[in-house]
> 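Submitted below is the structure of interest, expressed as structure tokens.
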Amino acid sequence: MSSRRKFLKNLGTAAAALPLSSFANVSEEEIEKRILPYNRKYSANDTIRVGCIGMGIMGVNNARIAAKIPGIELVAAADLYKGRLERTKEVYGSEIFTTQNYEEILNRKDIDAVIVSTSDNWHDKIVIEALRLGKAVYCEKPMVHKINQGLDVIKAQKETNGILQIGSQRVSSIVFAKAKELYRAGEIGQLNCIEAAFDRHSALGAWQYTMPLDASEKTVAWKKYLRDNKNRPFDPNQFFWWRNYKEYGTGVAGDLFVHLLSGIHFITDSYGPSQIFATGDLCYWKDGRNVPDVMTGVMQYTATDRHPAFQVLLKVNLASGEKNEIGKTRFYGTEGVIDFTGNGFVLRRHKLPKAPGYGGWDALETYPIAMQQEIKNEHSKKYSEEDRKSPSLDDISFNAPAGYSENLDHHMNFFESVRTKKPVIEDGVFGFRAAAPCLAANDSYFQKKVIKWDPVNMKII
């Protein structure tokens, strides 16, 4: 119990579901499976009036989450499809202001903050306009559609001293916060590799969303949707399934890789990789989309004063053959592994023995008997019995409380910044440093080359 008590002490008393003194009466299994605390308290304070720009799947979910937070009032919503505006009034009442022109929301002086949940190609423009009009902005990931748009968004935030938070909720997760604590405490030794994946196996998971029955230019402000090539003919797939098209979305890299990198950068305090390479294919969902449904990325992180050198392997497969959606992130160190599973993670610790060992799958038996014995004798003289052991500690599971939502926490952090003016949990710089390598993965895929990236100055080399 002494090592276990020391481990708990290192975590801090807030990390355990029970006080240390009570562990004597708790079973071994219960000791090894702790529930992370979630006792966050907040008050309504002054009302924040919010406008939502984009009321698709993420817009609806962001609005629903924001509405749960005391002191938040949803007063306006914009979307280019009339049916979604009608639905907004059904949910929030006829008093809520709705429009197909996002500018009408930005120009309202009674709106304090906006949530931007549009297609990726509109993020930079709307965010910059909103900041310059004095709005606090919560913008869905990825922060921008193209790498060359990122610094302009950061510049606008700095010049206006406005509040901008990007919507990668892992950055606000108590699960990732606890994993970061363990990582920084050296519980897995020196990090050398990370594997992360988001696999799916359904039409909806592959973005073939339910299409409305009245999709047409009478119900969709198609010309407003098109930022480029305004003469492109109306195509409901390109509007309602925009994630499948590089003209409007960023494919699996911008939609899913970015979640993985956000969590990785949060835990490691990394600015990002120096080299990015991606490959993939359009294997199954051949529905007119022009982005791959399988992609693998390899990203090299060079050593800095923040972290050692390590490699990140990313994968998304939208026809994985698995029954359930598969998401994983696994940190490999020289002394252990942090393995994220669902809304928690497992810490496994296993150190290499000091002695290299002999026998088994080894060359020892290929040598003459006399030499084998001499090698064994020398090994015994050089290494003690303790040196030959492979130290292992019991696995420990960490889980968030039932019903915990990192998405809710992320929104709460944003609105707390709006109220107090304290720095947001994921600003434009962090958001761009997470998004840019993912957008570079797309460039690597389409251009068939390695992309070199300067993560400090945030530019392609």
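Nothing here was measured: the structure is a model prediction, and the numbers come from that model. Scope of the values below: all heavy atoms of this structure, side chains included, with no hydrogens, waters or symmetry mates.
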> Establish, yes or no, whether the cationic atom of K328 lies under 6.0 Å from the six-membered ring centre of F340 and within 45° of the ring axis.
no

> Could you tell me whether R388 sits above the aromatic face of Y383, with NZ or CZ closer than 6.0 angstrom to the six-membered ring centre and within 45 degrees of the axis?
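Not flagged: R388 not positioned over aromatic ring of Y383.
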
> Where is the tightest heavy-atom contact between G428 and L164, given as atom of each residue plus distance?
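For G428 and L164, the tightest heavy-atom pair comes out as CA-CD2, 4.0 Å.
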
> Centre of W241's six-membered ring, under 6.0 Å away, within 45 degrees of the axis: is that where NZ or CZ of R289 sits?
no

> Using a distance-only test with no angle check, is there a side-chain donor-acceptor pair under 3.5 angstrom linking N290 and E247?
yes

> Quick check on R184: does its CZ atom have over 12 non-hydrogen neighbours (other residues, nucleotides or ligands) under 6.0 Å away?
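Check fails, neighbour count at 12 or below.
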
> Does the pair Y271 and R306 meet the rule for a side chain to side chain donor-acceptor pair (under 3.5 Å), with working shown?
CA-CA 9 Å; Y271 287 161; R306 291 169 168 250; 3.0 Å; yes

> Would you say the ring centroid of Y248 lies under 6.0 angstrom from that of Y225?
yes

> I need the minimum non-hydrogen distance between L191 and P308, along with the two atoms involved.
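Closest heavy-atom pair between L191 and P308: O-CG, 3.5 Å.
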
> Kindly give the heavy-atom pair with the smallest separation between I451 and D443, and that separation in Å.
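It is CD1-CB, 4.2 Å.
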
> Show, in sequence, the C-alpha distance, side-chain angles and deciding distance for Y209 and F240, and conclude whether the ring pair (Phe, Tyr, Trp, His ring centres under 6.0 Å) test is met.
CA-CA 7 Å; Y209 300 132; F240 291 100; over 10 Å; no

> So F432 and W453, would you call those rings parallel, tilted or perpendicular, with 30° and 60° as cut-offs?
perpendicular

> Indicate whether any N or O donor in one side chain lies under 3.5 Å from an N or O acceptor in the other, for Y404 and D409.
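Side chains of Y404 and D409: pair found under 3.5 Å.
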
> Side-chain donor-acceptor pair under 3.5 Å between N407 and S405, yes or no?
no

> Taking the six-membered ring of F266, is the NZ or CZ of K180 close enough (under 6.0 Å from the centre) and on axis enough (within 45°)?
yes

> Please tell me whether Q169 and E406 have a donor and an acceptor in their side chains that are separated by less than 3.5 angstrom.
no

> Can you label the angle between the Y301 ring and the H307 ring as parallel, tilted or perpendicular, going by 30° and 60°?
perpendicular

